[in-house]
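What follows is a set of notes on a single structure, which appears directly below.
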2 protein chains.
Amino acid sequence: MSNSKLYKGSLNTIILKLLNEHDKMYGYEITQKVKALTKGELNITEGALYPALHKLEAEGLLDVEVAKVDNRLRKYYKLTETGTKETVSKLQELAEYIKTMQALVNPKLA
Amino acid sequence: MSNSKLYKGSLNTIILKLLNEHDKMYGYEITQKVKALTKGELNITEGALYPALHKLEAEGLLDVEVAKVDNRLRKYYKLTETGTKETVSKLQELAEYIKTMQALVNPKLA
DNA sequence: ATATATACATAATTTTCTTATGTATAAGAA
DNA sequence: TTCTTATACATAAGAAAATTATGTATATAT
């Protein structure tokens, strides 16, 4: 995923936020979008992404819709209502995390 | 450690940064300092902290010095030269991580 | 023809954490 | 004086989330 271990635990937040912005996306598209938005800094591996998508679906946060484009399979994911709520919560957690880490690392500014 | 999974991977960064500021600290002191600095938001568990300290020591980033205070054992840790360099690197990674996540989560501001 | 890109998937392993214990001393409350 | 809480270390079992290594298959570019 990256040279930094800090990304551990943030994959779900990333997926949910992207789906919140783009209505529906398929797995490969997510990897490319992340690469583009981060200018190559962050590369989601397939071994991490696909199990994560399956889990989010199993938890009822995502709906799937299979499509065939150019004779190739695509599985489009979109947020359920629960998924949308969870996205808000995950983004709050991220903001809180950043605030807390800044308090630890830069206590003068906290 | 916390309700949010985002802290996964940030324990080493926290330990190194605290030792960079306080010269020498012992394990229990680190847990209390983190609790205080984060106003109770973040509680480092012993099961995470002690193995992490042992690993950082084994990697040559920390030196240990055992002391007896009030008839109780304390193990003071301090940064080695390598550890100081690694601290700088970890803090850069954290800054980079925050920047990248903000680019993903708030692309308008990036 | 061959390599790269697209598009999915899973299995084995590793890393990092939680949860549950365990030992021991000191201090404060009932 | 007994019991709880705080101080101070430690490790082991298990869970969670990733990496790394494969595997299948089609499309496109060299």
Side-chain angles (χ1 to χ4, degrees), chain A residues 1-16 24-36 40 42-59 61-62 64-77 90 93-94 97 100-101, chain B residues 1-16 24-36 40 42-59 61-62 64-77 90 93-94 97 100-101:
Chain A
M1 194 166 174
S2 157
N3 60 316
S4 165
K5 288 162 190 165
L6 294 167
Y7 292 94
K8 259 179 202 289
S10 37
L11 180 55
N12 285 347
T13 305
I14 293 170
I15 293 171
L16 292 175
K24 69 173 187 176
M25 297 181 86
Y26 55 100
Y28 185 76
E29 187 184 10
I30 292 176
T31 67
Q32 300 309 301
K33 184 58 103 180
V34 167
K35 199 185 288 182
L42 190 53
N43 289 290
I44 309 282
T45 58
E46 295 157 303
L49 178 67
Y50 291 115
L53 288 172
H54 301 160
K55 193 168 178 234
L56 289 170
E57 187 202 346
E59 290 167 353
L61 305 185
L62 301 183
V64 193
E65 181 197 326
V66 179
K68 201 150 197 179
V69 178
D70 285 334
N71 205 35
R72 262 199 250 92
L73 192 74
R74 274 187 196 172
K75 290 176 89 170
Y76 282 98
Y77 291 90
K90 288 279 188 195
E93 272 180 27
L94 177 60
Y97 167 79
T100 300
M101 286 303 285
Chain B
M1 193 168 175
S2 155
N3 60 312
S4 164
K5 287 161 191 167
L6 295 168
Y7 292 96
K8 249 183 206 298
S10 37
L11 180 56
N12 286 345
T13 305
I14 293 170
I15 292 172
L16 292 174
K24 69 173 188 176
M25 296 181 86
Y26 56 99
Y28 185 76
E29 187 185 10
I30 292 176
T31 66
Q32 301 308 301
K33 184 60 103 179
V34 168
K35 199 186 288 183
L42 190 53
N43 288 290
I44 309 282
T45 59
E46 296 157 303
L49 178 67
Y50 292 116
L53 288 172
H54 300 161
K55 191 164 181 240
L56 290 171
E57 188 203 345
E59 289 167 354
L61 305 185
L62 300 184
V64 193
E65 182 198 324
V66 179
K68 201 150 197 178
V69 178
D70 285 335
N71 205 36
R72 264 200 247 93
L73 190 75
R74 275 187 195 173
K75 290 175 90 171
Y76 282 98
Y77 290 90
K90 288 280 188 194
E93 273 180 25
L94 177 60
Y97 167 80
T100 300
M101 287 303 284

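Letters A, B, ... are given to chains in the order of the sequence lines, protein chains preceding strands, and every chain is numbered from 1.
Here B:Lys55 reaches the OP1 or OP2 of C:dT16: one of its side-chain N or O atoms lies under 4.0 Å away. Between C:dA26 and B:Asn71, a contact under 4.0 Å exists linking OP1 or OP2 to a side-chain N or O. Between A:Arg74 and C:dA7, a side-chain N or O to OP1/OP2 separation shorter than 4.0 Å is present. OP1 or OP2 of D:dA8 lies within a sub-4.0 Å distance of a side-chain N or O belonging to B:Arg72.
Under the side chain to side chain contact (heavy atoms under 4.5 Å, CB included) criterion, B:Lys55 pairs with B:Glu59, not counting sequence neighbours.
In this structure, the CD atom of B:Glu65 is 16 Å from the C1' atom of D:dA8, given to the nearest Å. The distance from atom CG of B:Asn3 to atom P of D:dA16 is 16 Å, rounded to the nearest whole Å. As rounded to whole Å, 16 Å separates atom P of D:dT5 from atom CD of B:Gln32. When the P atom of D:dA17 is taken as reference, atom CD1 of A:Ile44 falls 15 Å away, rounded to whole Å. When the C1' atom of D:dT20 is taken as reference, atom CG of A:Asn43 falls 15 Å away, rounded to whole Å. Atom CG of B:Leu56 is separated from atom C1' of C:dT16 by 13 Å (rounded to the nearest Å). We find that CD of B:Glu29 is positioned 12 Å from C1' of D:dA8, with the value rounded to whole Å. Following rounding to the nearest Å, B:Tyr97 (OH) and D:dA18 (P) show an atom-to-atom distance of 10 Å.
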Subject >> Stepwise side-chain contact (heavy atoms from CB on, under 4.5 Å) check, A:Met101 with B:Ile14 >> reply: CA-CA 8 Å; A:Met101 286 303 285; B:Ile14 293 170; 3.9 Å; yes
**OP:** In sequence, state the C-alpha distance, the side-chain angles, and the governing distance for B:Ile30 and B:Leu53, and then conclude on side-chain contact (heavy atoms from CB on, under 4.5 Å).
**Re:** CA-CA 11 Å; B:Ile30 292 176; B:Leu53 288 172; 4.3 Å; yes
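Side chain to side chain, A:Tyr7 and B:Thr100 meet the donor-acceptor criterion of an N or O pair below 3.5 Å.
Residues A:Glu93 and A:Thr13 form no side-chain contact, since every pair of their non-hydrogen atoms from C-beta on lies 4.5 Å or further apart. For the pair A:Lys35 and A:Gln32, the minimum side-chain heavy-atom distance is below 4.5 Å.
At a threshold of 4.0 angstrom between heavy atoms, the contacts of A:Thr31 with the nucleic acid are absent.
Contacts between residues 5-12 of chain B and DNA chain D, defined by a heavy-atom separation below 4.0 Å, involve B:Lys5, listed by number.
Rounding to the nearest 0.5 angstrom, the gap separating the CG atom in A:Leu61 from the CG atom in A:Leu56 is 5.5 Å. Within the model, atoms NZ of B:Lys8 and OG of B:Ser4 stand 11.0 Å from one another, a figure rounded to the nearest 0.5 Å. Distance NZ/B:Lys5 to OH/A:Tyr97: 15.5 Å, rounded to 0.5 Å.
Under the 3.5 Å distance criterion, the side-chain polar atoms of B:Asn43 are matched with a main-chain donor or acceptor of B:Gly40.
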Mind listing the N/O atom pairs, protein and nucleotides 9-11 of chain C, below 3.5 Å?
residue, atom, partner, partner atom, Å
C:dA9, OP1, A:His54, NE2, 3.3
C:dA9, OP1, A:Lys75, NZ, 2.6
C:dA9, OP2, A:His54, NE2, 3.0
C:dT10, OP2, A:His54, ND1, 3.4

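As the counterpart of C:dA30, D:dT1 is assigned, both hydrogen-bonding distances of the Watson-Crick or G-U wobble pattern falling under 3.5 Å.
The 5' end of DNA chain D is approached more closely, in terms of each residue's nearest nucleotide, by A:Leu49 than by the other of A:Asp70 and A:Leu49.
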